[in-house]
Structures are given as C-alpha cells and as structure tokens.
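The structure appears below as structure tokens.
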Amino acid sequence: MAGTNALLMLENFIDGKFLPCSSYIDSYDPSTGEVYCRVPNSGKDEIEAAVKAAREAFPSWSSRSPQERSRVLNQVADLLEQSLEEFAQAESKDQALARTMDIPRSVQNFRFFASSSLHHTSECTQMDHLGCMHYTVRAPVGVAGLISPWNLPLYLLTWKIAPAMAAGNTVIAKPSELTSVTAWMLCKLLDKAGVPPGVVNIVFGTGPRVGEALVSHPEVPLISFTGSQPTAERITQLSAPHCKKLSLELGGKNPAIIFEDANLDECIPATVRSSFANQVRSYVKRALAEGAQIWCGEGVDKLSLPARNQAGYFMLPTVITDIKDESCCMTEEIFGPVTCVVPFDSEEEVIERANNVKYGLAATVWSSNVGRVHRVAKKLQSGLVWTNCWLIRELNLPFGGMKSSGIGREGAKDSYDFFTEIKTITVKH
C-alpha cells in the first residue's frame with residue numbers, strides 16, 4: 001500500500017465476506033487534504049445483515065472453551081504482528097504514532113485478552129445449616145456493538161474487539177469513518193487466523209446512519225463506545241428502551257500539575273509529548289479574544305510546508321498563557337497541539353482548580369515529594385492519575401473516567417465483567 005496513488009475502495013465485512021455498499025463517502029489523507037479512500041456509507045440494511053450473521057455465529061463461538069478462543073486470538077495477534085509495517089504505513093496516513101504505539105498495542109490487546117481470559121475465577125459459598133451451596137457463573141452477553149473513534153484507530157478498536165471475542169461474544173464493530181483503513185485490513189487476517197464467519201463483522205459509515213442503526217437494534221444487547229459526550233448522550237437515549245449494557249469512554253480535559261520540586265528533566269519532555277502528540281484553530285482565536293497570550297504556534301509562527309502538503313491538516317504546537325479558568329481552552333477538550341500554562345500557589349488551590357471541570361479522565365502530577373504525590377492523586381477527580389510519568393499502562397487494572405468522562409471501566413477484570421452476564425446458582429443437597 002505504501003507509495004501507491006490508487007484510490008482505495010473499502011467494503012464492509014459481514015459473515016466472513018467482503019460486501020460492497022450502494023453508496024460511499026470520501027476519506028481524506030490529512031497530510032495532503034486529498035481523497036485517498038472511499039468508505040461504505042452503510043445504514044440499516046447492512047446492520048440487519050451483520051446482526052443476522054452475528055446471531056447465527058454466537059451459539060458455536062460462545063460454546064467454545066476459553067482455551068480454544070484464546071488460540072484464535074493469539075493467531076490474530078501473530079498475523080497482525082507479521083504485518084506490522086504494512087499496518088503502520090496505512091495507519092500513518094490517518095494518524096500519527098502508528099509504528100510505535102497504535103499497531104504494537106493492537107497486537108498486545110489480542111495477546112493480553114487471549115491470556116487474561118484463561119484466569120478468571122468464580123465465587124462459591126456454602127450454607128451448611130440449610131444444605132445449600134451457592135456459586136456464580138458468567139456467560140457471554142450475545143452480539144456486542146462496538147464503536148471506536150478516529151484517534152488511535154486500530155488500538156482502540158482492538159481494545160474492544162479482543163475482550164468481546166475472548167468472553168465468547170460475537171461482534172459488530174463500527175470504526176470511525178475518518179480512519180477506517182486498518183480496520184478493513186484487519187478483516188483480511190480474520191479468516192487466516194481461524195475466526196469463524198459472523199464472529200467479527202465490521203460495518204463502515206457515519207454515526208447518524210450506521211451508528212444509530214447499530215445502537216438502536218433490539219438484538220444488540222451491549223454497546224461499548226469511545227468518543228464524544230454528545231454522541232454518548234444520543235447512544236444513551238437510543239439504548240434506554242432496550243435496557244442495554246453500556247460502556248462509555250468519553251472525553252477528557254486532563255490537567256498536568258507540576259510542583260516546584262518536580263524533576264524538570266523528566267517532566268518537560270513528557271509534558272510536551274502529552275500536550276502535543278495527538279492531531280483546532282477556533283480555540284486559539286477565542287483565547288486571543290479573551291485576552292490570552294499566545295507564545296508560539298498558531299498566529300505567531302509561520303508554518304512552512306512542502307508544496308504537496310499545503311492543503312494538509314497541519315498546525316504548529318501552540319502555547320497559551322494568561323488565560324482564565326473558565327475559558328473554553330481550559331474547560332473543553334481540544335484535539336490539537338495546544339496547551340495552556342497557568343500558575344498556582346498551593347496544593348489545595350491546584351486540586352480545586354483541576355477538579356473544576358466537567359471531565360475526569362486522567363491527570364498527571366509531577367513532584368519529588370512522595371507524600372504530596374499520594375495526597376494529590378487521591379484528591380483529584382480522575383479515573384487515572386500518572387505521577388512522575390505519563391501514559392504507562394497496566395492492562396490488568398481499570399481504565400476509564402469519572403464525571404462527564406464516561407461510564408464504566410475497561411481492563412482485564414472490568415472488560416470481562418462488562419462483556420459477560422453473571423448468574424448465581426443455588427444447589428440444595
């Protein structure tokens with residue numbers, strides 16, 4: 001795929017087969033602003049076909065042993081790892097960090113859940129005075145609807161597909177229409193890995209058309225979504241009549257708190273990466289209108305690009321100061337290389353200000369004072385707090401946010417609990 005100018009035409013993957021669609025939408029190469037791919041503009045008909053395939057595949061897949069399902073997931077990981085460079089080249093068309101994070105972590109997702117699914121235990125208690133024994137069992141839910149975002153496309157898609165499959169569910173996945181190519185490429189590996197037809201179905205298109213058809217379908221009892229809060233509100237409305245299980249991983253406005261005793265040699269490079277890694281000009285204009293100071297980047301420095309990239313989606317890393325806490329730049333998630341730097345005077349003050357946003361996904365704390373690190377981390381209203389580091393993940397432990405950053409957690413046990421239903425059985429002897 002690397003180096004070719006041919007227009008890619010993606011197809012839906014339903015019941016183990018690639019199927020064309022009656023209409024398509026354009027997907028753009030962000031480095032040039034040119035169309036390089038056409039994505040199916042799927043709707044209710046494609047979802048109906050995918051639900052039928054997933055329901056028919058469910059009895060056989062769910063009855064396989066965890067060991068059998070684990071072997072299939074490991075085979076997917078092997079094939080994906082063997083094609084890492086090809087996937088990285090394709091992913092980097094849509095998104096950065098492909099070779100170092102997105103594709104390797106996608107491989108790790110399959111391997112991790114292939115292993116963790118073999119080590120779950122159930123509960124058992126006895127009531128000798130009544131001659132009863134109680135124990136729990138977990139069973140897969142059925143057809144899982146999975147919706148992933150445009151940032152870190154394959155990483156976040158496989159973070160949902162792998163645990164859903166490992167638990168014995170069948171899957172209908174909808175990747176972002178902006179970053180669909182590696183999901184389509186993954187489909188090509190599934191048959192080689194021994195994934196039966198209908199176990200994984202990937203349907204492409206927009207949220208209002210295919211996303212709503214998936215979420216509102218009465219035979220899809222579970223929805224896992226990563227994306228924006230407004231979309232999550234719509235998903236909740238559509239799911240409510242069916243009492244669906246929901247996992248919603250939403251936005252964040254993640255504070256990086258740097259105390260005076262922080263190790264700046266470690267802190268500054270990590271904070272730069274966390275602030276500028278993931279690639280919106282309107283926010284910078286609003287900050288200027290509010291009286292903020294722009295030190296570098298948008299509106300200050302000239303962006304020089306090669307001729308072929310002049311129409312691409314590029315923005316210089318931008319640093320803003322003298323900005324009020326209630327500014328949109330301080331309260332809303334900005335998907336662009338923009339960071340706001342504001343001073344604080346005390347531990348209590350910075351905790352209150354960090355918590356004074358509607359989001360609570362993650363935070364970082366930098367200090368050489370171990371006691372302070374523990375105190376601040378405990379008081380921050382964030383589902384995840386990194387201290388003196390950033391983006392180091394332990395997949396066994398929960399990931400997810402508080403407040404408007406979502407509902408539910410993902411991780412070894414949490415994902416297993418979400419993708420299964422628990423049942424208590426009592427036996428009198």
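In summary, the side chains of Glu298 and Thr318 do not present any donor paired with an acceptor at a separation below 3.5 Å, with no hydrogens or angles considered. Side-chain contact, Thr226 with Lys160: a donor N or O sits under 3.5 Å from an acceptor N or O. Inspection of the Lys192 and Gln75 side chains reveals no N or O donor paired with an N or O acceptor under 3.5 Å. Using modelled atom types and a 3.5 Å distance limit, the side chains of Glu290 and Ser327 yield a donor-acceptor pair. Using modelled atom types, one finds no donor on one side chain facing an acceptor on the other under 3.5 Å when comparing Ser239 with Thr236. The closest side-chain donor-acceptor pair between Thr32 and Asn309, if any, does not fall under 3.5 angstrom. A side-chain donor from one of Thr426 and His134 sits under 3.5 Å from a side-chain acceptor of the other. Side-chain contact, Gln89 with Glu85: a donor N or O sits under 3.5 Å from an acceptor N or O. In this structure, a donor-acceptor pair under 3.5 Å is present between the side chains of Glu332 and Tyr283.
The aromatic rings of Phe18 and Trp184 lie perpendicular to each other, with more than 60° between the two planes, well past the 30° mark.
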- Task: Verify salt bridge (charged side-chain N to carboxylate O under 4.0 Å, His left out) between Glu421 and Arg138, making sure each step is shown before the conclusion.
- Result: CA-CA 5 Å; Glu421 292 281 16; Arg138 283 194 169 271; over 6 Å; no

- Task: Verify salt bridge (charged side-chain N to carboxylate O under 4.0 Å, His left out) between Glu219 and Arg55, making sure each step is shown before the conclusion.
- Result: CA-CA 8 Å; Glu219 293 175 318; Arg55 281 176 55 82; 3.6 Å; yes

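Classification of Arg234 and Glu212 as a salt-bridged pair holds, one side-chain N sitting under 4.0 Å from a carboxylate O. With respect to the salt-bridge test (charged N to carboxylate O, under 4.0 angstrom), the residues Asp78 and Arg111 qualify. In this structure, Glu56 pairs ionically with Lys52, as a charged nitrogen and a carboxylate oxygen lie closer than 4.0 Å.
By the neighbour-count criterion of 12 heavy atoms within 6.0 Å, atom CD1 of Ile407 is sparsely surrounded, having that number or fewer from other residues, nucleotides or ligands. Other residues, nucleotides and ligands contribute over 12 non-hydrogen atoms within 6.0 Å of the CD atom of Glu68. Residue-environment remark: CD (Glu123) stays at or below the threshold of 12 foreign heavy atoms within 6.0 Å.
Atom CH2 in Trp159 sits 6.0 Å away from atom CG in Asn109 (nearest 0.5 Å).
Between Thr420 and Ala167 the shortest heavy-atom distance is CG2-CB, 3.8 Å. Among all heavy-atom pairs drawn from Cys389 and Trp366, the shortest one is N-CH2, 3.6 Å.
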